[in-house]
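Protein chains get the first letters and strands the later ones, always in sequence-line order, with residue 1 at the start of each.
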Protein chains: 2
Amino acid sequence: MSSRSVTIKDIAKILGISKSTVSRALSEHSDVNQETRKKILEVAQQLNYQPNALALNLKQQRTNTIGVIIPETVNRFFAKAIGGIQRVANLAGYNVMICQSDESYITEKNNLRSLIASHVDGVIISVSSETDRTDHFDLLLQKKIPVVFFDRIREDLHTSQVYTDNYEISFAGTEHLIQQGCQRIAIIAGPQNLHNSRNRLNGYMDALKKHDRPVKESYIVHSNFTGGNIEEYTRYLINLPQRPDAVFAINDYAAVEMMHVFKKNGLKIPDDIAVLGFNNENIGRFVEPPLSTIDLPSYDMGAVSAEILLAQIRDASAPIQRKLVKSQLIIRESTHRITTP
Amino acid sequence: MSSRSVTIKDIAKILGISKSTVSRALSEHSDVNQETRKKILEVAQQLNYQPNALALNLKQQRTNTIGVIIPETVNRFFAKAIGGIQRVANLAGYNVMICQSDESYITEKNNLRSLIASHVDGVIISVSSETDRTDHFDLLLQKKIPVVFFDRIREDLHTSQVYTDNYEISFAGTEHLIQQGCQRIAIIAGPQNLHNSRNRLNGYMDALKKHDRPVKESYIVHSNFTGGNIEEYTRYLINLPQRPDAVFAINDYAAVEMMHVFKKNGLKIPDDIAVLGFNNENIGRFVEPPLSTIDLPSYDMGAVSAEILLAQIRDASAPIQRKLVKSQLIIRESTHRITTP
DNA sequence: AAAAATTGTTCAATCGATTGCGCATGATAC
DNA sequence: GTATCATGCGCAATCGATTGAACAATTTTT
């Protein structure tokens with residue numbers, strides 16, 4: 001009848017014993033008579049007793065909840081990462097509280113504050129593109145709340161980090177374009193303040209250098225992920241005196257949009273211009289020609305992050321970990337030139 | 001030094017007064033001398049006092065957290081809905097706990113159990129495609145936890161519901177195809193157990209009837225959202241003795257994949273066959289020809305759901321609401337026939 | 001048979017807040 | 001000068017668990 005839940009007090013009253021005994025019987029701690037325990041378990045079962053998580057939270061000062069801060073859920077990369085985090089967390093009996101920073105430092109800071117206020121047991125975070133400082137993380141360290149950074153990491157902080165080989169995979173992607181006979185490779189690079197973007201750009205440049213290709217400023221364009229001005233950049237590249245014969249794009253959406261513009265301008269892909277994307281979105285499989293791209297292990301990065309975090313939650317002395325999860329080059333037709341020179 | 005947080009007890013001790021007074025001063029309840037209050041606020045400020053949310057949760061039996069259960073975060077529709085939910089919730093000072101059912105009834109049930117165990121103040125849910133019963137929701141109603149169903153709703157339950165006009169928009173989409181001169185319109189419909197899919201199918205059929213087109217079984221194909229066998233279905237349609245001259249697809253990914261197969265088979269879009277998608281994915285803007293589609297108001301549905309839920313959380317006697325958020329037909333080239341008969 | 005150890009249980013404090021009730025104190029009323 | 005009342009504050013219970021310490025009751029040891 002009453003919507004009040006059953007407590008150990010209720011069980012104790014029914015059996016005419018004390019709360020302590022009930023508690024000990026249920027948590028199987030020690031020193032409870034087998035018969036008493038049996039009776040307690042029976043009554044508990046019968047009343048469908050569920051321990052009040054709120055009381056436990058207060059008493060034990062933990063919540064069995066981990067906080068996650070990501071730039072945005074609509075980004076497929078992060079959506080998949082959440083999947084990995086949740087799988088691991090739920091299996092371990094943890095809930096997941098998700099916040100979006102919307103690529104804003106202020107929001108990220110607020111998210112962090114509210115997660116801390118909620119007493120989450122640990123935090124997994126991928127910093128916003130706007131974030132260029134780390135002072136807001138001090139509170140976490142100060143309160144000794146375990147943190148794992150993933151993908152968009154902060155190498156300067158002494159915390160666990162999970163990342164992928166942005167440099168190496170960009171190097172590999174660029175080298176692949178070179179091997180296809182491309183001479184003038186342009187890149188649409190990400191925001192300069194993002195560590196990952198810089199790594200990717202470096203991988204691209206070093207691959208060019210290795211193969212004695214010049215690195216030309218005019219072939220490097222910085223964009224953000226929203227892709228507002230991709231069309232403009234594409235036209236710019238098309239109209240260069242030395243038009244590039246390949247382009248390595250920041251992400252698949254940019255790549256697809258560029259392909260669209262190239263085709264409208266009568267350029268053949270990949271022979272006039274090869275296109276390599278980033279992120280392995282579904283879309284890449286269905287465009288004409290199918291898009292070569294780089295598969296980022298987002299799900300795995302999420303899962304690994306959660307595992308590391310849980311280890312640190314369970315054992316405060318667990319060591320900081322830095323873990324690499326490898327990306328993979330996926331070659332389709334948009335970079336596959338039949339006629340290599 | 002100590003990582004223990006400041007409590008009202010600390011403040012009380014410093015000022016040599018009782019906890020009660022501190023509490024009353026901070027919550028501005030009543031009956032506190034202005035001077036005493038001032039001193040308390042000062043000390044609180046100085047020590048950077050933050051009330052312990054866990055203690056409040058226990059005392060007040062609420063958590064300022066709302067639970068969300070969706071089929072999957074990688075689905076862009078739901079990812080956007082989460083955005084809307086979070087925006088509204090955060091502005092109101094609520095946290096959001098997100099669970100994925102992975103389109104599984106069992107998982108959905110487990111999610112629900114863990115949200116209830118976490119004492120969330122309310123739940124927003126879009127049921128899994130596998131869910132064909134409602135018994136697991138009884139516990140929510142029994143515990144009087146406010147619920148809002150959105151998009152994938154359950155009309156049979158007496159709870160708030162937020163949905164879009166699947167029937168009307170499918171009717172409109174089909175009518176649009178008819179107006180473009182299409183005679184034989186096929187449909188790739190969603191899973192039959194989903195309410196939304198049935199509504200969409202009905203809209204399609206009724207539009208055909210209204211314009212005296214026959215409804216042919218052979219033009220109706222049921223698929224799920226994973227899109228595993230779209231290619232096969234497409235071939236089936238192409239090889240029909242009376243090949244359709246338009247297809248209305250369950251979602252944009254299916255539509256794009258179909259376009260791909262049509263083009264490979266030498267069919268011209270939209271003149272040989274028009275293609276209409278569903279969901280307004282980014283991808284649709286970049287395929288050749290750009291895809292006509294239906295824009296589902298996912299963000300708004302999330303936001304509206306959160307608003308209704310919060311209203312019910314704040315006032316238990318707030319009425320149940322059923323709210324329609326309209327979809328929109330977006331016409332691009334894949335259905336735009338120049339040569340209407 | 002007295003001392004010691006074991007077993008099973010209860011008491012009461014604790015986590016960190018809120019809040020009803022009661023008690024001083026001083027002001028006002030009559 | 002006593003009765004009444006408002007003001008300001010403290011006591012202690014409460015939310016629902018856990019847990020150290022104390023204490024009976026019984027058994028074992030010597």
Side-chain angles (χ1 to χ4, degrees), chain A residues 2-41 43-44 47-65 93 116-121 143-144, chain B residues 2-41 43-44 47-65 93 116-121 143-144:
Chain A
S2 94
S3 74
R4 231 191 89 264
S5 314
V6 186
T7 70
I8 49 169
K9 207 172 165 185
D10 299 325
I11 300 180
K13 200 171 290 173
I14 289 178
L15 292 170
I17 56 180
S18 80
K19 296 191 302 171
S20 332
T21 306
V22 177
S23 169
R24 277 188 254 261
L26 291 172
S27 55
E28 316 199 17
H29 249 322
S30 61
D31 303 342
V32 181
N33 187 304
Q34 283 306 323
E35 271 185 49
T36 324
R37 155 170 295 149
K38 216 181 115 194
K39 276 192 276 183
I40 291 173
L41 292 181
V43 176
L47 300 185
N48 186 27
Y49 167 76
Q50 304 284 109
N52 185 316
L54 268 34
L56 284 172
N57 289 348
L58 174 60
K59 181 65 184 164
Q60 309 181 336
Q61 297 285 30
R62 50 191 176 77
T63 52
N64 291 309
T65 299
I116 292 173
S118 301
H119 288 248
V120 293
D121 297 340
K143 295 221 174 208
K144 302 200 197 310
Chain B
S2 92
S3 74
R4 231 189 90 263
S5 313
V6 185
T7 70
I8 49 169
K9 205 170 164 185
D10 299 326
I11 301 180
K13 201 170 289 173
I14 290 178
L15 292 170
I17 57 180
S18 81
K19 294 190 303 170
S20 332
T21 306
V22 178
S23 169
R24 277 188 259 260
L26 291 171
S27 55
E28 316 199 19
H29 248 320
S30 62
D31 303 342
V32 182
N33 187 303
Q34 283 306 322
E35 272 186 49
T36 322
R37 157 169 295 149
K38 215 180 113 193
K39 275 191 277 181
I40 291 172
L41 292 180
V43 175
L47 299 186
N48 185 29
Y49 167 75
Q50 303 284 110
N52 185 316
L54 268 33
L56 284 172
N57 289 348
L58 174 61
K59 182 67 184 160
Q60 310 180 335
Q61 298 286 27
R62 54 191 174 77
T63 53
N64 291 308
T65 298
I116 292 174
S118 302
H119 287 249
V120 293
D121 297 340
K143 295 220 175 209
K144 301 199 198 311

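Every pair passing side chain to side chain donor-acceptor pair (under 3.5 Å) that includes a residue from residues 51-60 of chain B is listed here, sequence neighbours excluded: Gln60(B)-Arg62(B).
In this structure, the side chain of Ser118(B) does not engage the main chain of Val120(B) through any donor-acceptor pair within 3.5 Å. Formation of a donor-acceptor pair under 3.5 Å by the Ser27(B) side chain with backbone atoms of Ser23(B) is found in this model.
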Item to complete: Let me have DNA chain D in dot-bracket notation, would you? Count Watson-Crick plus G-U wobble pairs, both distances under 3.5 Å, and use [ ] for pairs crossing earlier ones and | for inter-strand partners.
Response: ||||||||||||||||||||||||||||||
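Here the CG-OH distance, from Asp10(B) to Tyr49(B), works out to 9.5 Å after rounding to the nearest 0.5 Å. Between Ile116(B) atom CD1 and Ser5(A) atom OG the span is 10.0 Å, to the nearest 0.5 Å. In this structure, OG1 in Thr63(A) is found 12.0 Å from CG in Leu58(A), a value given to the nearest 0.5 Å.
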Response to the item:
Scoring nucleotides 10-17 of chain D by protein non-hydrogen atoms under 4.0 Å (B base, S sugar-phosphate only, - none) yields BBB-BBBB
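Shown here are the salt bridge (Lys or Arg N to Asp or Glu O under 4.0 Å) partners of Asp121(A), two or more places apart in sequence or in another chain: there are none. Scored by the side-chain contact (heavy atoms from CB on, under 4.5 Å) test, Leu15(B) finds Ile11(B), Ile17(B), Lys39(B), Ile40(B), Val43(B) as partners (sequence neighbours excluded).
By the 4.5 Å heavy-atom criterion applied to side chains, Asn64(A) and Leu56(A) are not counted as neighbours. Looking at Gln50(B) and Val6(B), their side chains never come closer than 4.5 Å, going by heavy atoms from C-beta outward.
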Under 3.5 Å, which N/O atoms of the protein pair with N/O atoms of nucleotides 22-25 of chain C?
none

